[in-house]
Protein chains: 2
Amino acid sequence: MTIIVPVSESPGRSRPRTSPRAVGRDLPLDEILVGDCIAQMAKLPAKSVDMIFADPPYNLQLGGDLMRPEGSKVDACDDDWDKFDSLAAYDDFTREWLAEARRILKDNGTIWVIGSYHNIYRCGALLQDADFWILNDIVWRKANPMPNFRGTRFTNAHETLLWCAKDEKARYTFNYQAMKALNDDLQMRSDWVLPICSGSERCKDDKGDKAHPTQKPEALLYRILLACTKPGDVVLDPFFGTGTTGAVARRLGRRWIGIEREPAYIKVAARRIAEALPLDESSMTTMIDKRSAPRVAFGLLVESGLVPPGTVLTDAKRRWSASVRADGSIEAEGTAGSIHKVGAALQGAPSCNGWTFWHVEIGGRLQPVDTLRQQHLASL
Amino acid sequence: MTIIVPVSESPGRSRPRTSPRAVGRDLPLDEILVGDCIAQMAKLPAKSVDMIFADPPYNLQLGGDLMRPEGSKVDACDDDWDKFDSLAAYDDFTREWLAEARRILKDNGTIWVIGSYHNIYRCGALLQDADFWILNDIVWRKANPMPNFRGTRFTNAHETLLWCAKDEKARYTFNYQAMKALNDDLQMRSDWVLPICSGSERCKDDKGDKAHPTQKPEALLYRILLACTKPGDVVLDPFFGTGTTGAVARRLGRRWIGIEREPAYIKVAARRIAEALPLDESSMTTMIDKRSAPRVAFGLLVESGLVPPGTVLTDAKRRWSASVRADGSIEAEGTAGSIHKVGAALQGAPSCNGWTFWHVEIGGRLQPVDTLRQQHLASL
DNA sequence: GCTTGATATGAATCTCCAC
DNA sequence: AGTGGAGATTCATATCAAG
């Protein structure tokens, strides 16, 4: 039996940002589906979600109790849901939920799977076997990992995430400029330094103990959702736990679906998500990728008077100059054509982005013509 | 036919540190075995080596040419030895050499395998299938990786190493104190920051081009051999290439066996190892990376909740104000970008240190955002 | 000798849309 | 489905020449 736990009190009013992509789908949005993850996934329609974030059991295969040097016992993850009879049993389980995930995912959607060395090599190989196309593996470098108390190995200080598309040709979402902004104007790398989930962020049960042994930090989901979804996109988390995915999705204006078996986790997750307030529209805005911005032809700037015919363009170092013609083409040293073609020809390069190559003098300073394009876009 | 290339000129005198573990074995020590790695491994005796370091083909599956933004072509690893017909073919190859490796390895020996996301999940799963016991996965975080030139994914900035014993009960070598000493008296973690192999360390061919497309840095092998072998131990490298393993083994007083198919690589390796003199302590420590102060991006403060999206920043004199967006960019007077770029734009300056320019009100007082960065650093 | 700037390069699964 | 054009895209080092 499926039990659905609605989390938002007024779903109708909480959906102002729903994109057309999610409209009209027979999807239980912003709700926790109670039950076995494979059984619940089987009920969801094909090609219906934009992203899947999966934090499956790690199959830790722990031995006896581990003691700290001062004598206390380490509170290990020894729950039944993390136990499998064999690697083969773990593989079977993984194959099954990955098959459902692949069915549910839109063709241009992506899947994230997180794990440790105990299980991530099984997951990675089975993802590839299921024809998923790995886009990156990401290392979550823990700023404050648990030390190796026995001094027998290297401190296990990271976990691994796999980011995959459904196939090589998929046109997946990657908000390159938002990630670059998040990383001080440098490309975001495949290694992420983030603290583990602790302090007030860590969900507690009624007794004040940690509610879930492997709660993920919100900063991790924040980066993933910001990088690989658009506002209004639907994110499915088949191993919902205490609902980090739901809380961050709500905060960032994304829709979510959680699947979870354990009532104790569901109770914590529902309360937590209800308390996670969505950001307002302006705070949620991120840097727009030029690829996804509406196209503006250079000629349009000429037509609209922002760049009058006859304007002289130069490159940043004033090595070359060109003059703008009435139809938006430019002319330099006997060559005429688009800002891109002429830029490429002058440099002897195979290609050239004329928007950043050509400059105009505004207020005594050289500005790339791209600035004018941005102004034009902002005025729309 | 096996051709053996002896590298040390006087093997008898070059074995002062030979441990009893290597004595009496019928092993071709400190030599390069010429030929196919599986065929050559098949000739080595069972349970005879203390460690195997393997840098197998990654099966990169590259498409057409990749151009840099300025127009030059990326010199890709497109050698025939990296090409496989299918994942299944790669798996078959991997299973075969892993079976030989397991046979040759002593019961308390360990194996290291390095790879990227293209192949490491195959290798990891097959290692587990062959009953190897993963001790750690290690992330080599490259200090200077190649960027993602098209802005399509996260910069692929790391490679992964797997360290495995033959089974769960094996009494493997791990020089805990040596690793701790190497890491400023802190436990050595599973993520290692090391530069890629370049400069004078990079082997060149007769034409002055790089002799091998994927030469590994000596610092990487240095750490591995120092951590997991004892002086006199025998290290087998079945994918020897230009012999980094041999050169570092010689420097550290370990014995080595290399297997390599390509004559051009063997020639370079033999000369290189002959020139590799055992290092004195001081020069060894300079090979190890210095712990650089962790760089903190403004976006990290946003992700971690220290500066929530929507926060208003002002300069010290409250002349300008800006609001923080979800991706760590800020927006003021129609301009959006990093704290540095927007600060510069508002002042009409060529550059600006956003960390000291922008302030937030904390407890009724304006504090530079740099203060929050310091707080974050202190909390790590 | 030192600083500054130009150039080169590294295991890379590296575009998208209209015609 | 293939083709062609628009236009988007790079970080850390090392080396070497110029000042």
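A, B, ... follow the sequence lines: proteins, then strands. Residue 1 opens every chain. Predicted model, so just to flag it, every value in this text is computed and none were measured.
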Rounded to whole Å, the CZ-C1' distance (A:F174 to C:dC16) equals 17 Å

Position toward the 5' end of DNA chain D (nearest nucleotide), A:C352 or A:Q187:
A:C352

Roughly how many Å is it from CZ in A:R189 to C1' in D:dT10, rounded to a whole number?
13 Å

Which whole-number value in Å describes the distance from A:D185 CG to D:dT10 P?
10 Å

What is the pairing partner of D:dT9, taking Watson-Crick or G-U wobble pairs with both distances under 3.5 Å in any strand?
none

Taking all atoms of both residues into account, what is the closest heavy-atom pair of A:R373 and A:L301, and its distance?
N-CD1, 4.1 Å

Between A:K290 and D:dG7, is there a contact of a side-chain N or O with OP1 or OP2 at under 4.0 Å?
no

Donor-acceptor pair present, B:R150 side chain and D:dT10 base, under 3.5 Å
no

Would you say a side-chain N or O of B:Y117 is under 4.0 Å from OP1 or OP2 of C:dT13?
yes

Checking salt bridge (charged side-chain N to carboxylate O under 4.0 Å, His left out) for the pair B:D78/B:K83: CA distance, chi angles, key distance, verdict?
CA-CA 8 Å; B:D78 53 0; B:K83 291 186 167 57; 5.7 Å; no

Between the side-chain atoms of B:K216 and the base atoms of C:dA11, is any donor-acceptor pair under 3.5 Å?
yes

Expressed in angstrom and rounded to an integer, what is the separation of B:W140 atom CH2 from C:dG10 atom C1'?
10 Å

Taking every non-hydrogen atom, the tightest pair across B:A143 and B:V193:
CB-CG1, 4.4 Å

Between the main-chain N or O of B:C197 and the side-chain N or O of B:E201, is there a donor-acceptor pair closer than 3.5 Å?
no

Looking across every strand, which nucleic acid part, if any, lies under 4.0 Å from B:D82 by heavy atom: base, sugar-phosphate, or nothing?
base

With a 4.0 Å limit, can you tell me whether A:H340 has a side-chain N or O closer than that to the phosphate oxygens OP1/OP2 of D:dG7?
yes

Looking at B:R202, does any N or O in its side chain come under 4.0 Å of the phosphate oxygens OP1/OP2 on C:dA11?
yes

Please tell me if A:N353 has a side-chain N or O lying less than 4.0 Å from either OP1 or OP2 of D:dA8.
yes

For B:E70 and A:R171, find the nucleotide of DNA chain C closest to each by heavy atoms; which residue's nucleotide sits nearer the 5' end?
B:E70

How would you label the glycosidic angle of C:dT4: syn (within 90° of 0) or anti?
anti

Please work out whether the ring planes of A:F357 and A:W320 are parallel, tilted or perpendicular, with thresholds of 30° and 60°.
tilted

Give one of base, sugar-phosphate or nothing for B:S116, where a contact means two heavy atoms less than 4.0 Å apart.
nothing

Does D:dC11 have OP1 or OP2 under 4.0 Å away from a side-chain N or O of B:K142?
no

Mutual orientation of the aromatic rings belonging to B:F239 and B:F93 [parallel < 30°, tilted 30-60°, perpendicular > 60°]:
perpendicular

The Watson-Crick or G-U wobble partner of C:dA12, with both key distances under 3.5 Å, is none

Looking at C:dC14, I'd like to know if its phosphate oxygens (OP1 or OP2) sit under 4.0 Å from a side-chain N or O belonging to A:Y172.
no

Whole angstrom is fine here: how far is it from CZ in A:R291 over to P in C:dA18?
16 Å

Nearest-nucleotide wise, let me know which of A:K341 and A:Q177 is further upstream toward the 5' end of DNA chain D.
A:K341

Once you round it to whole Å, what is the distance between C1' of C:dC14 and NZ of A:K169?
12 Å

Round to a whole Å and report the spacing from CG of A:D289 to P of D:dA6.
22 Å

Mind calculating the distance between CZ (A:R295) and P (D:dG5) to the nearest angstrom?
14 Å

Any donor-acceptor pair under 3.5 Å between the side chain of A:R373 and the base of D:dG7?
no

Between B:N148 and D:dT10, is there a side-chain N or O to OP1/OP2 distance below 4.0 Å?
no

